[in-house]
Amino acid sequence: MITNGKSEFTVEGTYRYNESSPARWIISHIWRYKWFFFGALVCSVVDYLAFSQNPVLVGRVADEILTPTEDGALLRLSLMILGVLMLSSAAFLTGSLLIETLAQRLEAGARHELYISLLGKSQTFHDRQRVGDIMARATDDVRQLNFMISPGLRFVYEMVLGLAIPMFYIAMIRLDLLLMPLLFVIAYAIAVRRYLHQLNPVMNWQREQFGKLNAGLEEVLSGIEVVKASVQEPFERLRFRRNARLYRDYFVQQGVIEARYLPLLLFGIALGLTFLHCMVLYRRGDLAVSQIIAVMGLMNVLRWPVFSSIFSFSLVQLGLAGAGRLLQIITAETELDENVGGYAAPIRGDITFEHVSFCYEGDGCEAAVLEDVSFEVKAGQTVAVVGQTGSGKSTLSMLINRTYDVSAGRVLIDGVDVREWNLDVLRSQISKIEQDVFLFSRTIAENIAFGAPGTPQEEIERAAREAQAHDFIMSFKDGYQTKVGERGVALSGGQRQRIALARAFLSDPRILILDDSTSAIDSATEDEIQKAIRRAQQGRTTILITHRLSQIRWADLILVLDRGRLVASGTHEELLRTSPHYRRIFARYEIELPPLEEVSAQ
């Protein structure tokens, strides 16, 4: 089976699917549950064998009415008709259950495979994606796989059986009566091929447009505050309407193609010509009335497979288009690898940057976010990273836990390149609190224990107390069981940041990264949190990204970034004397600055 090699996350023992093409991927999913498929196929064979026997028996009933042979023959034939119809119904119901079970399992398996794939993609990959489009693929495109199997695939193989089995019975009655049905099948195959050639691109466009429509909707809803503040509701309405109209137009194109579906017309012609053929043979005395009834009954069995093929092929094409969109995500190259066999050890906390450069566009980019940055941090030190907005402070922190890989140079943890570490081992010992705190739509307790599921309630409360969050949590009616809403919308910015701090304290990291994590906290609360942070710092390396003088002053080392370059490093007092960039940061504070030592100025 062909699969993408690199992934930040894998599940041991998962079933491997063939990802070389959408059709082979779907076939490999079906093959996983092949006994459901073969069982459904056998049931359909029995169904059509029994159902096609019905017109033959009806012909014999007509023959018995016209020329009676023995008493009780009509009753016997009637019971036989009842028996074959009951057998047909039982086979149909069993086959329906089997194929529907296959469809549901395939949908669940595909959705699980996609979710694992998304978890394993790098941050660079996710930066390039539109969330709404990903959601459209994970919901509607996956759902189309279900419809492709049931009823789509089922109607396809029933179409084949519904053509082959009645023609077999016709051949048993009189071989030359196959002339018209065979000509119809040839014409039908040509018409279906032309139909699929026209339908396939429209289905692909339809799925792509649905992704764009969904992505646009998600963006507007996520940024609804900006839309309302900018009074852009009319513009966004027109934008959504254009996307919706284009999506509708693709359905109209599908309808136009389906309206020109020739097989139904061809079937009508074939039915009439077969009846004419029967009449010719009847007038010659080569065909009985009972045989004409049987042949025409068998021809009418072909009507449903021909009719169902209109939407069965549409469902199959939609499923293939959806599978193609899903495979685009599943097989997309990711820059990072889990490195299961990589270096694994408890982190001491030494951090070294050796001539590190980084840009988001990959190798050869023109505007580097970081350029030739080198410094060394000893285990247990507190390092403050300062600089103007856009100088690369947050990006620098994301190279430490390998959210991104460097474009040039090396980042070492305890003397080992982060690319050589086992990714799970590395990240599990590094905790980062973002400037924009993300909380899940779960309880407060679940959010605090997110990095350590199964943590006892006592430990959760201890971490909350250290982060100065316990009191406001207990002020809620449900306490730690309070649902915080999507992205923590029910909490203030300061409350979200304190819960994030509690989460970091609970995970007990060896390296703690605080990216302006107290920006939304009032001064009184910040003082308490500073005490908690100082306690948390003991025995671990701490990286502070902040402009707060109260946090910078007690850092062991301060790094000054300017336009992606490290322009100065040292203690607070040293930098005030030697670095104009550092002094510029504190120009807004009403503090007396020492004279600049021109000899050391950069």
Side-chain angles (χ1 to χ4, degrees), residues 8-9 11 108 111-112 114-121 123 126 131-132 134-135 138-139 218 221-225 401 403 424 427-522 524-533 535-536 540:
E8 291 188 20
F9 172 76
V11 178
R111 183 171 283 115
H112 188 234
L114 176 65
Y115 188 63
I116 291 175
S117 174
L118 289 171
L119 290 176
K121 300 301 183 188
Q123 186 63 45
H126 287 288
V131 175
I134 292 291
M135 293 303 296
T139 54
E218 188 276 334
L221 293 179
S222 297
I224 191 66
E225 184 177 352
N401 64 357
T403 300
D424 282 350
R427 290 180 176 174
S428 65
Q429 299 182 77
I430 301 175
S431 184
K432 181 179 180 182
I433 302 176
E434 302 281 354
Q435 186 174 359
D436 181 20
V437 174
F438 185 92
L439 297 181
F440 295 89
S441 183
R442 304 171 189 175
T443 65
I444 291 176
E446 288 174 317
N447 271 285
I448 294 176
F450 182 75
T455 301
Q457 182 66 23
E458 297 77 15
E459 292 297 312
I460 293 174
E461 292 184 12
R462 179 191 60 77
R465 285 190 175 93
E466 289 185 353
Q468 302 299 308
H470 179 75
D471 291 341
F472 86 77
I473 292 173
M474 295 308 297
S475 68
F476 297 133
K477 178 183 176 182
D478 296 324
Y480 282 85
Q481 299 308 310
T482 301
K483 297 277 188 179
V484 300
E486 188 171 357
R487 300 183 67 92
V489 70
L491 303 176
S492 69
Q495 289 171 335
R496 290 198 297 270
Q497 288 185 332
R498 278 179 276 178
I499 289 177
L501 282 168
R503 181 193 294 168
F505 293 158
L506 188 63
S507 64
D508 191 26
R510 306 313 306 159
I511 298 175
L512 179 62
I513 303 172
L514 303 174
D515 189 351
D516 212 5
S517 59
T518 58
S519 60
I521 297 176
D522 59 81
T525 305
E526 183 188 356
D527 291 339
E528 296 299 321
I529 291 180
Q530 294 300 336
K531 297 176 184 176
I533 291 176
R535 288 197 301 271
R540 60 172 55 88

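In this text the structure is predicted, and so the values were computed from the model without any measurement.
Here the closest non-hydrogen pair linking Ala504 and Ser431 is CB-OG, 3.4 Å. Asn401 approaches Arg427 most closely through the heavy-atom pair O-NE, 3.1 Å. Across every non-hydrogen atom of Leu506 and Ile448, the tightest pair is CD2-O, 3.6 Å. Taking all atoms of both residues into account, the shortest heavy-atom contact from Phe505 to Ala463 is CD1-O, 4.0 Å. Here the closest heavy-atom approach between residue Gly479 and residue Ile444 is recorded as O-CD1, 3.9 Å. Annotation for Arg503 and Leu439: closest pair NH2-CD2, 3.3 Å, computed over non-hydrogen atoms.
Between the CG atom in Leu491 and the CG atom in Asn447 there is a gap of 8.5 Å [rounded to 0.5 Å]. For the atom pair CG of Asp471 and CZ of Arg465, the computed distance is 8.5 Å after rounding to the nearest 0.5 Å. Residue Asp424 holds its CG atom at 9.5 Å from CD of Glu8, rounded to the nearest 0.5 Å. Interatomic distance, CD of Glu434 versus CG of Leu514, reported as 11.0 Å (0.5 Å rounding). Between the CD atom in Glu461 and the NE2 atom in His470 there is a gap of 5.5 Å [rounded to 0.5 Å]. Taking CD of Gln457 as the start and CD of Glu459 as the end, the distance is 10.5 Å to the nearest 0.5 Å.
By the neighbour-count criterion of 12 heavy atoms within 6.0 Å, atom CD of Glu225 is sparsely surrounded, having that number or fewer from other residues, nucleotides or ligands. Counted within 6.0 Å of NE2 on His112, heavy atoms from surrounding residues, nucleotides or ligands total 12 or fewer; the atom is thus considered open.
The pair Arg462-Glu458 does not count as a salt bridge, with every side-chain nitrogen at least 4.0 angstrom from each carboxylate oxygen.
With contacts defined as side-chain heavy-atom distances shorter than 4.5 Å, the pair Ile430/Ile513 qualifies. A 4.5 Å side-chain heavy-atom check between Met474 and Tyr480 finds at least one atom pair inside the cut-off.
Side-chain atoms of Arg496 do not come within 3.5 Å of backbone N or O of Phe438 as any donor-acceptor pair. Under the 3.5 Å distance criterion, the side-chain polar atoms of Arg498 are left unmatched by any main-chain donor or acceptor of Ala469. Side chain of Gln481 to backbone of Asp478: no donor-acceptor contact under 3.5 angstrom is found.
Note on ring orientation: taking the six-membered ring where Trp is involved, the planes of Phe440 and Phe450 are parallel (angle under 30°, cut-offs 30° and 60°).
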Side chain to side chain contact (heavy atoms under 4.5 Å, CB included) between Phe476 and Val484, intermediate numbers included: CA-CA 11 Å; Phe476 297 133; Val484 300; over 6 Å; no

